[in-house]
There are 2 protein chains.
Amino acid sequence: MKLVTQVRYGIRILLDLAMHQSRGVIQMRDIAERQNISLKYLEQLIRPFKKAGFVNSKRGRNGGHSLARSPETITLAQIIMVFEKDQAKQDISRLSEGYSQYQDALITEAWNEAKDAFYQRLEKVTLANLSIGTTKKLWQDSDILIL
Amino acid sequence: MKLVTQVRYGIRILLDLAMHQSRGVIQMRDIAERQNISLKYLEQLIRPFKKAGFVNSKRGRNGGHSLARSPETITLAQIIMVFEKDQAKQDISRLSEGYSQYQDALITEAWNEAKDAFYQRLEKVTLANLSIGTTKKLWQDSDILIL
DNA sequence: GTAATATATATTATTTTAATCTATATCAAA
DNA sequence: TTTGATATAGATTAAAATAATATATATTAC
């Protein structure tokens, strides 16, 4: 259970876009430099965000990317799910001696509910939450942490 | 977020041991046959269970494996954790423009709490829970499901 | 029409997961 | 004390997922 690179970079990409919203569109080259991500890899990572409607893009000269939704509405859970593989084909466990559909159903149900619990917690963190600390830097200048 | 083979097989191995407890030690060859798992792979999977104190083994002729703890005390969460990799070296995210320790801490905290929520749900399913349905086969002979 | 941008697809490299192979240690029974 | 049945250990191979790079193409502002 590991926070994969795709997600870690994904968060930074969206955060970067969020924090430079005022500039209009942002070029991927700039994000790549600021975030120390290879441009080519970045291009690959931003595609799912476009597809999922988190990011708009404009081609051609003076083109670039921008956030399509407000930072308050984008959560960690959503970002992670953007990179979740299609598991529709989730391999149906073969049954065997002492392992019936009944067992399988119990396990699957628990598994799914556990996943839900996981994502529910991550729904509580939005891009907006994450931005505040940096722009204001309150967290390092004071003992009082204002969120 | 996927139920990996190691875990799916792991559950079956322990369930198999649980359901044949009365016979004393069980040979891996038998488990392999019953559960359709390659003997060699099985040998590899059972090692972590031994290390974690779930399973006892006896070498030599008439040797085999047996459950070291009662099925009521073994949960799905525990089984999954047996196969969790050591993530002590969890790669410390490099900071960058607009990505501070503060952000990193927020994310890490949420992530850890989300994991906890996940495992908490899976603590509720024990090997004993899983065994009942099979040994009694009530679930397929009746409309009333007694758990 | 040309330079700056995104898009698309293919390729390579690395890591993780799954499975097999070979050799060794241990023990019970004959 | 030998022999055969078992577990143990470590190496090897195969397949799949993840991470990263490369090359060629499509759009658009100027």
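Chain A is the first sequence line, chain B the second, and so forth, proteins listed ahead of strands; every chain is numbered from 1.
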Starting at atom [atom1] of [X], determine the distance to atom [atom2] of [N], rounded to an integer number of angstrom.
X        : N       : atom1 : atom2 : answer
Met1(A)  : dT17(C) : CE    : P     : 14 Å
Arg47(B) : dA25(C) : CZ    : C1'   : 13 Å
Lys2(B)  : dT18(D) : NZ    : C1'   : 12 Å
Phe49(B) : dT8(D)  : CZ    : P     : 14 Å
Ile46(B) : dA19(C) : CD1   : C1'   : 17 Å
Ile13(A) : dA6(C)  : CD1   : C1'   : 14 Å
Gln6(B)  : dA19(C) : CD    : P     : 9 Å

*Do Tyr99(B) and Asn36(A) have side-chain heavy atoms sitting under 4.5 Å apart?*
no
*How about Leu76(A) and Tyr119(A): do any of their side-chain heavy atoms sit closer than 4.5 Å?*
no
*Could you give the distance from CD1 (Ile37(B)) to CD (Glu43(B)), rounded to the nearest 0.5 Å?*
12.0 Å
*asked:* With rounding to the nearest 0.5 angstrom, report the CD1 to CD distance, Ile46(A) to Gln44(A).
replied: 12.0 Å
Report the residues that fulfil side chain to side chain donor-acceptor pair (under 3.5 Å) with [X], sequence neighbours left out, ordered by chain and then residue number.
X         : result
Tyr9(B)   : none
Glu123(B) : Thr75(B)
Ser70(A)  : Glu72(A)

Please tabulate, one pair per line, all N/O donor-acceptor pairs under 3.5 Å involving side-chain atoms of residues 20-30 of chain A, not counting sequence neighbours.
residue: His20(A); atom: ND1; partner: Asp16(A); partner atom: O; Å: 2.8
residue: His20(A); atom: ND1; partner: Asp16(A); partner atom: OD1; Å: 3.3
residue: Gln27(A); atom: NE2; partner: Gly63(A); partner atom: O; Å: 2.5

Just to verify, what does [X] make a side chain to side chain contact (heavy atoms under 4.5 Å, CB included) with, not counting sequence neighbours?
X         : answer
Asn112(A) : Thr108(A), Lys115(A)
Ala114(B) : Phe118(A), Arg121(A), Leu122(A)
Ala52(A)  : Phe54(A), Val82(A)
Ser57(B)  : Lys50(B), His65(B)

*Going by number, which of residues 26-43 of chain B have a non-hydrogen atom under 4.0 Å from DNA chain D?*
Ile26(B), Gln27(B), Met28(B), Arg29(B), Glu43(B)
*Going by heavy atoms closer than 4.0 Å, what residues in residues 59-67 of chain A are next to DNA chain D?*
Arg59(A), Gly60(A), Arg61(A), Asn62(A)
*When we call it a touch if two heavy atoms are under 4.0 Å apart, what does Tyr9(A) touch: a base, just sugar-phosphate, or nothing?*
sugar-phosphate
Please produce a list of atom pairs where a protein N or O lies less than 3.5 Å from an N or O of nucleotides 10-12 of chain C.
none

*Of residues 50-58 of chain A, the positions that come close to DNA chain C - non-hydrogen atoms, cut-off under 4.0 Å*: Lys50(A), Ser57(A), Lys58(A)
*Would you mind telling me which of Leu127(B), Leu67(B), Ile31(B) makes a side-chain contact (heavy atoms from CB on, under 4.5 Å) with Leu15(B)?*
Leu127(B)
